[in-house]
Amino acid sequence: MKLDLHTHTILSGHAYSTLKENIEAARIRGLEGFAVTDHGPAMPSAQQDAYHIMNMRLAIPEYLEGIRIIRGFEANIVDYDGKIDLPTEYTPYVEYIIGSLHEICIIPLSKKENTEVVINAMATGYVDTIGHPDGFGFPLDYPAITEAAKKYEVALELNNNTLKGRVRGDCKDNYLEMLYYAKKNGVYISVGSDAHFYTAIGELDLSDDLLKEVGYPDELIISKNLKQFDEFMRIRKRERKIY
Ligand SMILES: [Zn+2]
Ligand SMILES: [Zn+2]
């Protein structure tokens, strides 16, 4: 696993390392690259606004010290139509967009309704990956979610931090169910550490083990390497405008 597709910096407000420190950690871990995905403006402690997110690709080089920097953010899904917390006219400037449900930004409802919210978010075309669809706080209908992920060519995230069980409770069984239906439907899987401190950058081992356990097809894992990530993003370009 050469790419960590979910990481945070001090800009998230409740994360504690700089981008420079994360780059250094990625280099030491032998990664090809990682995605910078700080929380979107609707997260109470987030320190970035829409203009900040839009300018990332202009300001931050694509490669630093041989490490590819994928300049994105972790959007909050903020309403039941699946809207994210970035004006749509800004989204073409963002290289990679994770869309996540956080209890602090949207009130969880029934399994059926949570599932509708996620599917609506995929249908908007603005979200490349659904962040931590682990069912914690937001029970989800995995057959429906994976079918929609295939239809809209959106990746589902296997979140290594969730798998540690410390932050969001024990979600392994939910992920096993997600992977079962994702494999059946041929869905792309993204893997991220969800690091909020540099020591966690590139920590993808639990996810890697789980993917091996279920025999997930390598070619559908977009964190495998840059080549597979770029191929996935070429598909995403059909779904959303990216400059
Ligand atoms: Zn966070
Ligand atoms: Zn999150």
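Note that the coordinates shown come from a computational prediction; the quantities given were computed from them, not determined experimentally. The residues of the chain are indexed from 1 along the displayed sequence. Ligands are counted one by one from 1 in listed order, and the atoms in each one are counted from 1 as well.
- For D141 and K111, the salt-bridge test fails: no basic side-chain N is under 4.0 Å from an acidic carboxylate O.
- Here 3 is the count of protein N, O or S atoms positioned under 2.8 Å from the Zn ion (ligand 1), waters not counted.
- Here salt bridge (Lys or Arg N to Asp or Glu O under 4.0 Å) pairs that include residues 51-73, with residues two or more places apart or in two chains, are K20-E65, R27-E65, E62-R68, R68-E95, R68-D230, R71-E95.
- With side-chain heavy atoms closer than 4.5 Å counting as contact, directly or through intermediates, L58 stands alone and belongs to no larger hydrophobic cluster.
- Closest non-hydrogen pair, T7 versus V36, comes out as OG1-CA, 3.7 Å.
- The ring-ring contact (aromatic ring centres under 6.0 Å, His included) check on Y175 picks up nothing, with sequence neighbours excluded.
- At distances below 3.5 Å, at least one donor-acceptor pair connects side-chain atoms of D85 with backbone N or O atoms of A42.
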